[in-house]
Amino acid sequence: MHKTLVTTAVALTFFAASATGNIVQDAPLVSIASQDAYFNNLRAHCGKAFEGKVVMDNPKSPGFDGRLVMHVRKCTDSQLQIPFHVGDNHSRTWIITKTGSGLSLKHDHRNKDGSHDVSTMYGGHTLDAGWPTVQSFPADQYSKELFVSQGIPASNGNTWQMYIYPQTFSYRLVRDGREFRVDFDLTKPVALPPTPWGYQD
């Protein structure tokens, strides 16, 4: 009897609130524990910059000979913006976003005047739970079509991985016949780099 009264009271409260328009909520941005932990482990470094070095580049690719610095520059509850500076080249920003179906990684590439590079916003999306320390991002369909249009269909097999450990952050790209990885030392923050091209403070 008591349970029925409680259920009825809850139902009446719901309908009364609905009738008066008191229940107004945005759709929730759902997520899972392993990806939340990963996101938060990376966000813990927000506002800091770290120097890195190439530890794997097979076959060797041009364009990574300058000083390498990552900057966890802007953080919200759903997105992290991490510029990746190579010497005087400030064209690259990694963007990690909670999507409600996992995590997305995009590479925002800009020209020096701030305009979008012809090759920009490629990346991938998680397909599994991953771990609090590692997430993998196989190339998404937009990226595959972009790579084909640019005559580099081999990149359709790209998977990007990002590792976040107490002392090291790693950015890794793998596909058949190709591996590239940069390790950043999280124990020694460095001076903040310039604002990436196309952004402002």
Side-chain angles (χ1 to χ4, degrees), residues 29 31 35-57 61-99 102-126 133-137 139-140 142-143 146-147 150 152 155 158 160-173 180-201:
L29 182 61
S31 56
Q35 291 171 349
D36 283 342
Y38 173 87
F39 189 93
N40 291 334
N41 286 337
L42 191 46
R43 184 168 60 172
H45 297 284
C46 200
K48 298 178 181 178
F50 306 95
E51 188 167 355
K53 60 181 180 180
V54 175
V55 296
M56 178 64 69
D57 189 12
S61 56
F64 293 95
D65 297 326
R67 183 172 183 247
L68 308 180
V69 175
M70 64 167 281
H71 178 197
V72 188
R73 182 174 180 271
K74 184 175 180 180
C75 310
T76 70
D77 290 339
S78 60
Q79 188 176 94
L80 306 175
Q81 296 179 3
I82 307 173
F84 173 39
H85 302 266
V86 181
D88 294 327
N89 186 318
H90 311 295
S91 64
R92 303 172 177 90
T93 298
W94 301 322
I95 301 176
I96 300 173
T97 305
K98 292 186 176 183
T99 66
L103 298 174
S104 166
L105 167 66
K106 289 292 186 178
H107 298 73
D108 184 0
H109 283 204
R110 304 295 184 103
N111 299 309
K112 195 168 185 178
D113 65 0
S115 60
H116 297 287
D117 191 272
V118 293
S119 177
T120 191
M121 298 310 285
Y122 62 84
H125 197 283
T126 56
T133 53
V134 185
Q135 292 291 328
S136 296
F137 307 89
D140 57 29
Y142 167 80
S143 302
L146 177 67
F147 295 148
Q150 294 183 335
I152 50 172
S155 295
N158 283 5
W160 296 272
Q161 296 175 323
M162 288 184 165
Y163 302 75
I164 176 69
Y165 293 109
Q167 297 185 339
T168 307
F169 171 84
S170 298
Y171 168 93
R172 182 178 184 234
L173 163 67
F180 175 82
R181 194 180 98 212
V182 183
D183 289 350
F184 296 87
D185 184 357
L186 299 182
T187 68
K188 300 175 181 177
V190 298
L192 299 185
T195 301
W197 297 341
Y199 287 76
Q200 62 182 6
D201 293 329

Check your understanding: For D185 and V190, what are the C-alpha separation, side-chain angles and deciding distance, and is it a side chain to side chain contact (heavy atoms under 4.5 Å, CB included)?
Key -> CA-CA 10 Å; D185 184 357; V190 298; over 6 Å; no
Counting distance only, does the side-chain N/O of [X] pair as donor-acceptor with the main-chain N or O of [Y] below 3.5 Å?
| X | Y | result |
| --- | --- | --- |
| T97 | T99 | no |
| N111 | H116 | yes |
| H109 | D117 | no |

Exercise for review: Go through the structure and list residues passing side chain to side chain contact (heavy atoms under 4.5 Å, CB included) with S136, not counting sequence neighbours.
Suggested key: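 Applying side chain to side chain contact (heavy atoms under 4.5 Å, CB included) to S136 gives T159, Q161.
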Point to revise | Partner set under side chain to side chain contact (heavy atoms under 4.5 Å, CB included) for D140, not counting sequence neighbours | key: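 Side chain to side chain contact (heavy atoms under 4.5 Å, CB included) list for D140, sorted by chain: K106, Y142, S143.
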Check your understanding: Only one of W160, Y122, Y171 forms a ring-ring contact (aromatic ring centres under 6.0 Å, His included) with W94, so which one is it?
Key ->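 The single option meeting the ring-ring contact (aromatic ring centres under 6.0 Å, His included) with W94 is Y171.
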Check your understanding: With D88, which residues qualify under salt bridge (charged side-chain N to carboxylate O under 4.0 Å, His left out), at least two apart?
Key ->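 With neighbours one apart ignored, the set is empty.
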Exercise for review: Output all residues satisfying salt bridge (charged side-chain N to carboxylate O under 4.0 Å, His left out) with D201, sequence neighbours left out; order by chain, then residue number.
Suggested key: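 D201 satisfies salt bridge (charged side-chain N to carboxylate O under 4.0 Å, His left out) with R73 once adjacent residues are dropped.
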Check your understanding: For residues 48-57, which residue pairs qualify under side-chain hydrogen bond (donor to acceptor under 3.5 Å, both in side chains), counting only residues two or more places apart or in two chains?
Key ->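 Counting only pairs at least two positions apart or across chains, the side-chain hydrogen bond (donor to acceptor under 3.5 Å, both in side chains) contacts touching residues 48-57 are E51-R67, D57-S61, D57-R178.
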Practice item. Any side-chain hydrogen bond (donor to acceptor under 3.5 Å, both in side chains) involving residues 38-47? Give me the pairs, sequence neighbours left out, ordered by first then second residue. Key: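 Listed once each, the pairs are N40-R43, R43-D77.
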Review point. Partners of H125 by ring pair (Phe, Tyr, Trp, His ring centres under 6.0 Å), sequence neighbours excluded?
Key: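 Counting only residues at least two positions away or on another chain, H125 forms no ring pair (Phe, Tyr, Trp, His ring centres under 6.0 Å).
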Point to revise | Any residue meeting ring pair (Phe, Tyr, Trp, His ring centres under 6.0 Å) with Y163, in chain and number order, not counting sequence neighbours | key: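 Scan of Y163 (ring pair (Phe, Tyr, Trp, His ring centres under 6.0 Å), adjacent residues dropped) gives none.
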Go through the structure and list residues passing side chain to side chain donor-acceptor pair (under 3.5 Å) with [X], not counting sequence neighbours.
| X | answer |
| --- | --- |
| Y199 | D108 |
| S155 | none |
| S119 | none |
| S104 | none |

Practice item. Anything under 30° is parallel, anything over 60° is perpendicular, the rest tilted; go ahead and classify W197 against H90. Key: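 Perpendicular, since the angle between the ring planes exceeds 60°.
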Review point. If you measure only the distance, is there a donor-acceptor pair under 3.5 Å linking the side chains of T168 and D183?
Key: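 No.
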